[in-house]
Amino acid sequence: MLFDTPAPASPLLQNLNPEQLAAVTLPAGNALILAGAGSGKTRVLTTRIAWLLQTGQVSPGGILAVTFTNKAAKEMLARLTAMLPINARGMWIGTFHGLCNRFLRAHWKLAGLPSTFQILDTQDQLSAIKRLMKQFNVDEERFPAKQTQWFIAGAKEDGLRPRDVETRTDDDRKKVELYQLYEEQCQREGVVDFGELMLRSYELLRDNDPVREHYQRRFRHILIDEFQDTNRLQYAWIKMLAGQTVEGRFVPGDNSVLAVGDDDQSIYAFRGARVGNMADFVREFEVTHQIKLEQNYRSYSNILDSANALISHNKKRLGKNLRTDQGPGEPVRVYESTSDFAEAQWMVEEMRQLVRDGIDRKEMAVLYRSNAQSRVIETALFNAAVPYRVYGGLRFFERAEIKHALAYLRLLENKDDDTSFLRIVNFPPRGIGARSIEQLQDAARAAGRSLHDAVAAVGGKAGANLSAFVAKIDVLREQTQGLSLREIIELVLQHSGLIEHYRSEREGADRIENLEELVNAAESFVTQEGFGRDAVAMPVDELRQSPASQGLDPNLPITDEPLAPDAETGETMSPLAAFLTHAALESGDNQAQAGQDAVQLMTVHAAKGLEFDCVFITGMEEGLFPHENSLSDHESLEEERRLMYVAITRARQRLYLSHSQTRMLHGQTRYNVKSRFFEELPETALKWLTPKNQGFTPSAFGYGGGYASTRGGSYGSSKESFASPPVPPQKAAPSHGLRSGMQVFHNKFGEGTVLALEGSGDDARAQVNFPRHGIKWLALSVAKLTPV
DNA sequence: TAGATGTTAGTTTTT
DNA sequence: CTAACATCTA
């Protein structure tokens, strides 16, 4: 046996494999768990917490467990309460942002925030930035608001305030200036964005010794899920809670940090995630225990072998190999189609067969690299009347009508929230146009006040209209005092005129339905167990509670110390404030019609953490997957490979990979070669449904005569080849005579390989990989390319 | 102020 | 090719 662990004494520890058991029962100290896909990571994490509690090593108040998504946090909590009859309230289990919010609600004064601070989501943040840029006459051509937003969010992810950002160019300086102005605006309005929640919490911990020491003493065990996805700031935040930096050197504290992650599943570098945190963690936290969970309980070995072989092409790895006790299972099926249309058509037929073989549609997933690819697939499924569900897109709290209603509610809470003010000042229309608003903004700027407060300074008809609006809000605020959350929302919906407005709109019925759903959401928020956990701050109560009062062993070490200076701020939030927080931090499931047996469509990113019996990975082409923007540098190509690794490991039983010779993109037909990832998969695990290495010959490879499907295996077998699907108009072969995969010669760059072709006639372009000069796009009307 | 028309970009995304 | 956005005209 690998680990010398005592026989499981507790029923908690039964049925754990040796590595899992070792991880669950690790002694105090810092440790890293490398948890492969499908290796029972969540189980280990929750059992670890349960075991710590049950063996009296820690009280619930001493636990800090951090995840990235609300879903993961909820699942952890649910599993934990199923394992142990404990009061989960004292535990800090939640997302980074949820916990930071909780922390800031408790210490708002020390953090320099109003007690009613509101949270800006990404949309709100963008509109706040646009407003700011207009106000300061920033050229939006040179500084697109989106880019400014990206810059600010990126800086915060790295823990940088404006003065910390290095500037080289004038553009940099301008961006930093905007960052500074944005900060001042947010501060004035009493709002914080997602990054700010993290950064403020971090800075308060860093700058306030009593607060930091309190929480350091309190959280004996810190557990972090998906550690490979942490950004610089999140890692720094953890260090703040679990150690000291002495003369620039980090010294781990005496609490225990358990980081769980998988470097091979790091797919969020583009939003600031830093896999390097894993190696840094091992070094800086002087990790003595590293455990690899490599036993996979999800997939058959053909699938795992494919995943292992693929990911072995990455250089930067901590090293890990998944294994399973299940047999080889079915081969990984590979299909080549002539067009994206045909690819979708084939998939629909295949799915129908799977349904006939008794597979639930909800156990089938179609994964693609980018959202744009879903369209063709949706059309094919729709035409074939196959129920499907697309992940992604607007979530409940992001819908316009919901955001409008929330803006009213937010203004009741915080009158200075100008973003909310502007959203609804003329919605529904009440005769307040751009001119009036401009006047108001000028007045507000002059007085250094919020829009709400500056209304009195605007005269004339505009002023009257504005005053009427503000009066309405103020009256609503009065009227809603003491009402229940449900009553507040109902009253606001009525008096805002939103319902009425949507009633007169053609497409309004859905929106009204959603607004009614908002009342329900609030209702269940109040009654459900969710209330009071994530959103409401009650740290003072918790802190003053002794472990004994939580129904635990009174001999446990007391970890709850009296709180730092502004402890008096621990008053419970109003249900409205809590609900608004909830709305901002948890944009709502986007499970529109959950429960229906529908095929699941989503990007590979969205599929992380999920699993399905049958998985189709589509669009396996150079330029798409790996994405063309990732081809130029090694780092991002490795991330693409990890993405493919994530995609493969979603499948339990059956995996399909498909690629198409042509694909409509941006309204033009592109000619693609199959993905390089095919070359990185083990031939023995694959089964080519279409002849391998079929060159690109549009006319020679038609529809219908494709292949005789000879499925075997667990789903029974079917023999018939497909009925010919409708034949779409076939594109003529391109006139330039080039094909993907061809070797060509260029006068300047020399010999190269054609990777992709797009456009036709004068617009035709070719993407060519020149070994000495890299990958280039060349306009065929200009560049002379001769086939070698 | 609103609807109409033009313009432009177009990976991946949770909080 | 679209969808989202911005600008223009009734």
Side-chain angles (χ1 to χ4, degrees), chain A residues 66-73 94-101 119-127 130 134 140-141 144-147 150 153 156-157 192-199 201 225-226 229-231 233-234 266-273 340 367-376 379 391-395 397-398 400 426-437 465 505 534 581-590 602-609 619 623-631 636 639-640 642-644 646-647 663-670:
Chain A
V66 202
T67 64
F68 273 87
T69 65
N70 292 301
K71 200 176 155 205
T95 62
F96 275 102
H97 295 87
L99 295 172
C100 284
N101 173 65
I119 300 167
L120 297 185
D121 67 14
T122 318
Q123 286 176 42
D124 298 333
Q125 187 189 31
L126 184 64
S127 68
K130 279 186 179 163
K134 245 184 211 123
E140 287 220 37
E141 296 275 274
K146 273 253 170 64
Q147 205 182 295
W150 191 78
K156 290 191 182 185
E157 274 156 9
V192 297
D193 59 39
F194 289 132
E196 190 70 21
L197 282 172
M198 279 299 321
L199 188 48
S201 306
D225 192 18
E226 305 279 15
D229 288 339
T230 51
N231 59 36
L233 178 57
Q234 284 158 342
S266 160
I267 55 174
Y268 286 112
F270 70 92
R271 67 173 199 215
D340 50 350
L367 310 186
Y368 33 82
R369 173 67 239 267
S370 61
N371 287 303
Q373 286 168 254
S374 76
R375 206 185 180 85
V376 217
T379 311
Y391 275 74
L394 277 194
R395 270 108 35 105
F397 288 113
E398 291 167 354
N426 195 36
F427 196 93
R430 46 176 71 90
I432 300 173
R435 287 298 315 277
S436 314
I437 292 170
N465 284 341
E505 216 177 47
D534 188 84
T581 299
H582 167 78
L585 289 179
E586 207 165 330
S587 337
D589 291 335
N590 62 41
M602 65 192 85
T603 63
V604 181
H605 282 93
K608 192 178 165 207
L624 249 191
F625 201 4
H627 195 273
E628 55 191 343
N629 297 359
S630 320
L631 297 177
S636 45
E639 178 143 323
E640 293 291 300
R642 291 193 291 269
L643 200 49
M644 181 64 189
V646 167
R663 183 174 298 276
M664 274 298 244
L665 198 67
H666 307 331
Q668 284 191 315
T669 304
R670 286 182 41 153

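Letters A, B, ... mirror the listed sequences (proteins, then strands); counts begin at 1. Computed over heavy atoms, backbone and side chain alike; hydrogens, waters and symmetry mates excluded.
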Rounded interatomic separation in angstrom, taking [atom1] from [X] and [atom2] from [N]:
{"X": "A:His582", "N": "B:dT15", "atom1": "NE2", "atom2": "C1'", "result": "13 Å"}
{"X": "A:Lys156", "N": "B:dT15", "atom1": "NZ", "atom2": "P", "result": "18 Å"}
{"X": "A:Leu197", "N": "B:dT14", "atom1": "CG", "atom2": "C1'", "result": "13 Å"}
{"X": "A:His97", "N": "B:dT14", "atom1": "NE2", "atom2": "C1'", "result": "8 Å"}
{"X": "A:Met198", "N": "B:dT15", "atom1": "CE", "atom2": "C1'", "result": "10 Å"}

#### Entry: Short side-chain to backbone donor-acceptor contact, A:Asn465 and A:Gly431, under 3.5 Å
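Present.
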### Task
Let me have a per-nucleotide readout for nucleotides 8-13 of chain B, 5' to 3', with B, S or -, counting only protein heavy atoms under 4.0 Å.
--BBBB
Touch check for [X], heavy atoms < 4.0 angstrom, all strands: base, sugar-phosphate only, or nothing?
{"X": "A:Ala434", "answer": "sugar-phosphate"}
{"X": "A:Ile432", "answer": "sugar-phosphate"}
{"X": "A:Gly195", "answer": "nothing"}

### Task
With side chain to side chain contact (heavy atoms under 4.5 Å, CB included) as the test, would you mind laying out the steps for A:Asp121 and A:Phe397 before giving the verdict?
CA-CA 10 Å; A:Asp121 67 14; A:Phe397 288 113; over 6 Å; no
Please write out each protein N/O paired with an N/O of nucleotides 5-10 of chain C under 3.5 Å, distance rounded to 0.1 Å.
none

side-chain hydrogen bond (donor to acceptor under 3.5 Å, both in side chains) partners for [X], two or more places apart:
{"X": "A:Thr122", "result": "none"}
{"X": "A:Glu640", "result": "A:Arg369, A:Ser630"}
{"X": "A:Glu639", "result": "A:Arg642"}
{"X": "A:Arg271", "result": "none"}

#### Entry: Qualifying residues under ring-ring contact (aromatic ring centres under 6.0 Å, His included), relative to A:Phe96, sequence neighbours excluded
A:Phe68, A:Trp237
### Summary
Hits for ring-ring contact (aromatic ring centres under 6.0 Å, His included) against A:Tyr268, two or more places apart or cross-chain, chain-then-number order -> A:Phe270, A:His605
### Task
Could you tell me which residues satisfy salt bridge (Lys or Arg N to Asp or Glu O under 4.0 Å) with A:Asp340, sequence neighbours excluded, listed by chain and number?
none
### Query
salt bridge (Lys or Arg N to Asp or Glu O under 4.0 Å) with A:Glu398: which residues, sequence neighbours excluded?
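Counting only residues at least two positions away or on another chain, A:Glu398 forms a salt bridge (Lys or Arg N to Asp or Glu O under 4.0 Å) with A:Arg395.
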### Query
Can you tell me how far P in B:dT13 sits from the matching atom in C:dA4, rounded to whole Å?
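Nearest-Å result for B:dT13 against C:dA4 at atom P: 16 Å.
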### Task
Using the P atoms only, state how far B:dT12 lies from C:dC5, rounded to an integer number of Å.
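Nearest-Å result for C:dC5 against B:dT12 at atom P: 15 Å.
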### Message
Can you say whether a donor on the side chain of A:Thr122 sits under 3.5 Å from an acceptor on the base of B:dT15, or the other way round?
### Response
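Answer is yes: a donor-acceptor pair is held.
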Heteroatom pairs (N/O) under 3.5 angstrom, protein to nucleotides 2-7 of chain B:
none

### Query
Can you name the side chain to side chain contact (heavy atoms under 4.5 Å, CB included) partners of A:Ala73, sequence neighbours left out?
A:Thr67
